[in-house]
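Computation of the quantities below employed the complete heavy-atom set of this structure, encompassing side-chain atoms and omitting hydrogens, waters and symmetry-equivalent molecules. Note on naming: letters A, B, ... go to the chains in the order of the sequence lines (proteins, then strands), and numbering restarts at 1 for each one.
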Amino acid sequence: MKRFLALYAGAAYLFLYAPLFVLGVFSFNASKIAAWRGFTCNWYAKVFHDPALLDGTMNSLTIALVATIVSTIIGTLAGYALWKKRLPWLTNSLYLSLLTPEIVTGISLLAFFEWAFHFLHVQLGMHTVILAHISFSLAYVVIVILARLRTLDPALEEAALDLGANEWEVFRRITVPLLLPGIIAAALLCFTVSFDDYVITSLVAGVNSETLPMIIYAMARKGVSPEVNALSVMITMGLGVFILVAGRLEQRA
Amino acid sequence: MFLRYIVVYEVDKVLELRALTKHYPNHHALKGISFSLTQGEFFSLVGPSGCGKTTTLRLIGGFEEPTSGEITLAGRPVAGLPPYRREVSTVFQNYALFPHLTVAQNVAFGLERRNGVTRSTIRNRVEQALALVQLSGKEARKPNQISGGERQRVALARSLVVEPKVLLLDEPLSALDPKLRKQMRQELKSLQRRVGIAFLFITHDQEEALSLSDRIAVMNQGSIEQIGKPRELYQEPTSRFVAEFLGEVNWVNGAGIRPEAIRVSKENPANGARSVAGVVESSTFLGNVTHLAARLPNGANCTAQLPLNGCTFELGEPVHLWWDASDELRVSA
Ligand SMILES: Nc1ncnc2c1ncn2[C@@H]1O[C@H](COP(=O)(O)OP(=O)(O)OP(=O)(O)O)[C@@H](O)[C@H]1O
Ligand SMILES: [Mg+2]
């Protein structure tokens, strides 16, 4: 039975990661076609000399960073408010935001922006992408923060109030430090979902706001190139580390 | 003169609760509670689970507002004041120590919230408070690096260091194992004498209440049944509830008799004492005393607590149980 379970888990992991493994192997392939012609690191070097890719990376990083900071702050405060006021309806409606198909979210955001542009003299661009990312990552932050808050003993806040701290001091000195692992986990998650979003971003992006996933998508449509393979491996590695750290922090009580 | 007397009398009451009620949407947790604490008094609030002890404490601490009634602290009403403006401090049931702060930082927390207290003053007072509860040397530990008894002392030090008018303690000993509990009980009492702060102590352990308190209030279903000195409550309970809550009672022909007031003999004592015949049903040796249960002719059970050097009885042996009429508890209901 034990052996069977191990085998079963092994098969599941193989199914999950075999494509990534193949991708990794071919990112070191000397040939452009899908047949092994010897080892090379050229594709990795090429990534770093492609201006479009570098621009896209810069855009993606900027967007992810700003969106993460803003939505982590707003989401933490919102989660705290939901926890304090005990509003089950509002809390449950967060899951709606997570379950909405991305294409629907993207189109609704686009419609919203176009409507707003009637009043404001702006166009689609980095700012709309950032706003869209803040919008869809907020629910993730609130849910992670709420999960952490549920493990917080309300008596701790009461003890602080009792000892003469006002609400703001309690929040700053007691609540935030105790929530910190949750806040960091939420931020890492935010960064990840923002960095790899394609569907919503491509709908609300304008000129000069092409993100890395958009560029990769465009490249991949012209045929799989080892350069894209190399880039994908690097992104997977980077985000993988992020997610592992986020998971670790979330588990830590 | 008269006025002056009233003023002194009022100020002497460091905490007073007047006709306090608290209604939750589908539960009347408090149905009119009144009592007061004098300076330096050790006052216990006892009662079964759910009778409203914690609710009373939360109202005093300012975590909830009463539905009606008034609370005054050193003569001043506290209605509407947030917890951080009330000069009371609470020792929570699970201590609620801040897990991310060290022992010293936990104790310093309340002092740091005050204006105009210098760092060196804080350091000195924290040091004194920790010495008071015998925790010197553990300043740098985190709450999860000390024992349960030590955590309890940190909680005490943390609350005492802000010099509250009244210290509120919600079953502070209940999280400790029985042996440590007894030891901490003594420490708590001597600590209270030294600091001279009034303690409002919640427990549902009657032995704890009897041994520690200057006065006790027995609560039942949101009301106070009786307030008095421990001996008074134990020997002159006004209700069956109080009599039974504070110790074992045998009800024989409508009168209540404590097991330790009952004596047992083979012969009818014929000395004018109240007596009843019975048959020994069980005899349990407990070390310092023996518990003897006898079945009375009417089928009821009667328990006697016999001293170690008394005589022993066989199971099924017919005996006489007797007691002084003055030992009977006279309860109204
Ligand atoms: N927020 C609330 N909403 C509704 N009912 C409540 C609330 N808080 C307490 N109660 C009820 O009020 C009653 C008194 O509760 P309280 O916590 O004061 O009891 P207690 O005497 O401290 O009991 P224990 O010894 O078990 O701690 C209980 O029946 C409880 O269910
Ligand atoms: Mg309670």
Q.
Counting only non-hydrogen atoms closer than 4.5 Å, does B:F63 touch chain A with its backbone (N, CA, C, O), its side chain (CB onward), both, or neither?
A.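 Side chain of B:F63 only, per the 4.5 Å heavy-atom cut-off to chain A.
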**Q.** Residue part contacting chain A, namely of B:L97, when any heavy atom lies under 4.5 Å
**A.**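 The backbone, not the side chain.
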Q) Which residues in residues 81-94 of chain A have a heavy atom less than 4.5 Å from any heavy atom of chain B? A)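 Checking residues 81-94 of chain A against chain B gives no residue, so none.
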Q: Please list, in residue-number order, every residue in residues 78-88 of chain B that has a heavy atom less than 4.5 Å from any heavy atom of chain A; write 'none' if there are none.
A: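 The residues closer than 4.5 Å to chain A, in numerical order, are B:P83, B:Y84, B:V88.
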**Q.** Close contacts, residues 127-152 of chain B versus chain A, judged by heavy atoms under 4.5 Å
**A.**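 Hits under 4.5 Å: none found.
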Q) Which one of A:P154, A:A159, A:A155 has the most heavy-atom pairs closer than 4.5 Å to chain B? A)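 The candidate making the most pairs under 4.5 Å is A:A159.
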When you look at [atom1] of [X], are more than 12 heavy atoms from neighbouring residues, nucleotides or ligands closer to it than 6.0 Å?
X      : atom1 : result
A:F112 : CZ    : no
B:R194 : CZ    : yes
A:H127 : NE2   : yes
A:F21  : CZ    : no
A:F48  : CZ    : no
B:K165 : NZ    : no

Q) Which one of B:E112, B:R58, B:Q93 has the most heavy-atom pairs closer than 4.5 Å to chain A? A)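 Most heavy-atom pairs under 4.5 Å with chain A: B:R58.
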Q: Nearest 0.5 Å please: distance from the CG atom of A:L163 over to the CZ atom of B:R114.
A: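 A:L163 CG to B:R114 CZ: 9.5 Å, rounded to 0.5 Å.
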Q: Working to the nearest 0.5 Å, report the span between CZ of B:F92 and CG of A:D162.
A: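 Nearest 0.5 Å value for the CZ-CG distance: 5.0 Å.
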Q. Can you say whether A:E169 sits under 4.5 Å from chain B via the side chain, the backbone, both, or neither, judging by heavy atoms?
A.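 For A:E169, side-chain heavy atoms alone lie under 4.5 Å from chain B.
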**Q.** Any side-chain heavy-atom pair of A:D153 and B:P99 under 4.5 Å
**A.**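 A:D153 does not reach B:P99 side chain to side chain.
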Please list every donor-acceptor pair under 3.5 Å in which a side-chain atom of residues 172-195 of chain A meets a protein atom from a residue at least two apart or in another chain.
residue, atom, partner, partner atom, Å
A:T175, OG1, A:E157, OE2, 2.6
A:T175, OG1, A:V170, O, 3.4
A:T192, OG1, A:L188, O, 2.6
A:S194, OG, A:H133, ND1, 2.7

